[in-house]
Protein chains: 2
Amino acid sequence: MEKLHATLRHLISISDEELNDFLALCYEKTFAAKAFLSHQGEISQEIFFITSGLTRSTIIDHAGNEHTIHFSLEGQFIADYTSFLVSTPSTNSVQALEETSVMVMPRKAIEWGYAHLAQGDKLGRTIAEFYFLYFDNRLKNQYVFTPAQRYENIAQIFPNIHNRVPQHMIASYLGISPVHLSRLKKGSR
Amino acid sequence: MEKLHATLRHLISISDEELNDFLALCYEKTFAAKAFLSHQGEISQEIFFITSGLTRSTIIDHAGNEHTIHFSLEGQFIADYTSFLVSTPSTNSVQALEETSVMVMPRKAIEWGYAHLAQGDKLGRTIAEFYFLYFDNRLKNQYVFTPAQRYENIAQIFPNIHNRVPQHMIASYLGISPVHLSRLKKGSR
DNA sequence: ACCGGTCATTAACATTTGTTTAGATTTTAC
DNA sequence: GTAAAATCTAAACAAATGTTAATGACCGGT
């Protein structure tokens, strides 16, 4: 709870009263390892703020294979935000990779924030800009670096990920097969 | 000019006076085909709104090869927005592919908007959310569809692009060689 | 109308990446 | 503690994609 406090105060100026009113609309929840925070096909009605633990987001491709498209760490927001924004069935599932505690921010809380927080829209803008930077960087990496280079750099984006996530999920994130990633590592030694 | 008018009014509610004050800080500019709206290495100090024409954004990879990472059409905003936000040298160049007219929105105008427009932050949030949706969709396509499928779908994202952009730039956008794209097309016939 | 450059296609060949299978090790669940 | 599952590596082979080079069509500028 304090973690979300600190994160919000870091992003915008917000009074104690505003903060309390907002947090009164949220609640805490803990998921066991491998539990799902949200499922593909459901319309996303909440945004999670991770206070401890780690999640991955997955998607199913045209051939029925699952891909890990994203990792989310402590201090980050996670949802199928496209589903949340547009109210379409989510294409992603979000799964805890460790025991993971989150603050659940229901749609009501978000909407209340935009309507009643003095800097609610600024908060939304700042978070959206943050994800713009993340996506833009990720896209550039795709064009600029080889898979081997992207593997070498991944810990800069997801600190300590090698100790927390199986390698085949990292390979999936990079868009290559686990066998191939193993090969690339061998080559770079 | 009317086009930016209409786009802004579509995104937020804004009074005539606010709109005029904001637009007074902007100006129109026209680029010839092949001219550069902005160059890699410079810090982006303005956002362009395309009123007519078409641009591409390019980036240079680790081996010195140029890639087309993005197209922008009439009615869209374009910049190296990461450079604009963080004030780092831009990694992208933006080039007109046809004669292209834009409204130039300098940093001063954007900042004025956030400070003085009643819904300035909401505007920023909405635009950032729009790009979130674009990037998220693009990322999912990368995992879910084959290059051939992505080629087939590209006109849904960039209407009429096949008649306006050379095929090798589309191949570059898709992340494949022009020779390979030609092969894929042959196979699907 | 011409000329030079850009562009799309094709073929041959090289390289990268995926798939399958197997084996050894580690982790997880009960 | 033990059995089952998950994980990583390895090798052999298959498929996808890149590279180079050649050709002809098309386009833009003069």
Side-chain angles (χ1 to χ4, degrees), chain A residues 31-36 53-54 56 58 60-68 71 95-100 141-152 154-155 160-189, chain B residues 31-36 53-54 56 58 60-68 71 95-100 141-152 154-155 160-189:
Chain A
F31 295 88
K34 299 192 180 174
F36 284 87
L54 168 65
R56 66 166 180 158
T58 58
I60 308 294
D61 74 14
H62 71 102
N65 301 116
E66 179 189 274
H67 299 262
T68 295
F71 300 106
Q95 183 182 28
L97 294 181
E98 307 169 353
E99 180 172 293
T100 297
N141 284 345
Q142 193 86 19
Y143 285 95
V144 170
F145 297 112
T146 65
Q149 291 172 320
R150 278 183 278 137
Y151 176 75
E152 284 172 19
I154 193 173
N160 201 29
I161 192 162
H162 296 104
N163 300 317
R164 299 177 74 179
V165 170
Q167 185 174 295
H168 69 270
M169 290 184 190
I170 297 178
S172 179
Y173 173 86
L174 294 174
I176 62 181
S177 70
V179 176
H180 187 54
L181 176 55
S182 181
R183 232 176 345 212
L184 292 176
K185 286 174 63 180
K186 183 185 180 185
S188 70
R189 280 197 304 261
Chain B
F31 294 88
K34 299 191 181 175
F36 285 86
L54 168 63
R56 65 166 181 159
T58 58
I60 308 294
D61 73 16
H62 70 103
N65 301 115
E66 179 189 275
H67 299 263
T68 296
F71 300 106
Q95 183 182 30
L97 294 180
E98 306 170 352
E99 179 171 293
T100 297
N141 284 344
Q142 194 85 17
Y143 286 95
V144 170
F145 297 111
T146 64
Q149 291 171 322
R150 279 183 277 135
Y151 176 75
E152 283 171 20
I154 194 173
N160 202 28
I161 192 163
H162 295 104
N163 299 317
R164 298 177 74 178
V165 170
Q167 187 173 296
H168 69 270
M169 290 185 190
I170 296 177
S172 178
Y173 173 87
L174 294 174
I176 62 179
S177 68
V179 176
H180 188 54
L181 176 55
S182 181
R183 234 177 342 216
L184 292 176
K185 287 175 63 180
K186 185 184 178 185
S188 71
R189 281 199 303 262

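Chain A is the first sequence line, chain B the second, and so forth, proteins listed ahead of strands; every chain is numbered from 1.
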Does [X] reach the side chain of [Y], with side-chain heavy atoms less than 4.5 Å apart?
{"X": "A:His162", "Y": "A:Ile154", "value": "yes"}
{"X": "A:Leu184", "Y": "A:Tyr151", "value": "no"}
{"X": "A:His67", "Y": "A:Asp61", "value": "yes"}

Proximal nucleotide (of [options]) relative to the [X] side chain:
{"X": "A:Arg183", "options": "C:dA8, D:dA10, C:dT19", "answer": "C:dT19"}
{"X": "B:Leu184", "options": "C:dG18, D:dT9, D:dT17", "answer": "D:dT17"}
{"X": "B:His168", "options": "C:dT17, D:dC8, C:dA8", "answer": "C:dA8"}
{"X": "B:Pro166", "options": "C:dT20, C:dT28, C:dA8", "answer": "C:dA8"}
{"X": "A:Ile176", "options": "D:dT17, C:dG18, D:dT9", "answer": "C:dG18"}
{"X": "B:Gln167", "options": "D:dT9, D:dT17, C:dA8", "answer": "C:dA8"}
{"X": "B:Ser177", "options": "C:dA29, D:dT9, D:dG18", "answer": "D:dG18"}
{"X": "B:Lys186", "options": "C:dT10, D:dT9, C:dT17", "answer": "C:dT10"}
{"X": "A:Pro147", "options": "C:dC7, C:dA11, C:dT17", "answer": "C:dT17"}

Main-chain N/O of B:Gly53 paired with B:Thr100 side-chain donor or acceptor, under 3.5 Å: no
Would you check if the side chain of A:Arg150 reaches a backbone N or O of A:Leu174 as a donor-acceptor pair within less than 3.5 Å?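 Yes; at least one donor-acceptor contact below 3.5 Å.
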Rounded to the Å, how far apart are [X] [atom1] and [N] [atom2]?
{"X": "A:Ile170", "N": "D:dT7", "atom1": "CD1", "atom2": "C1'", "answer": "13 Å"}
{"X": "A:Gln149", "N": "C:dT16", "atom1": "CD", "atom2": "P", "answer": "13 Å"}
{"X": "A:His162", "N": "D:dC8", "atom1": "NE2", "atom2": "C1'", "answer": "14 Å"}
{"X": "B:Lys185", "N": "C:dC7", "atom1": "NZ", "atom2": "P", "answer": "14 Å"}
{"X": "A:Leu97", "N": "C:dT27", "atom1": "CG", "atom2": "C1'", "answer": "15 Å"}

Contacts of A:His180 and B:Pro178 projected onto DNA chain C by closest heavy atom; the upstream (5') one is B:Pro178
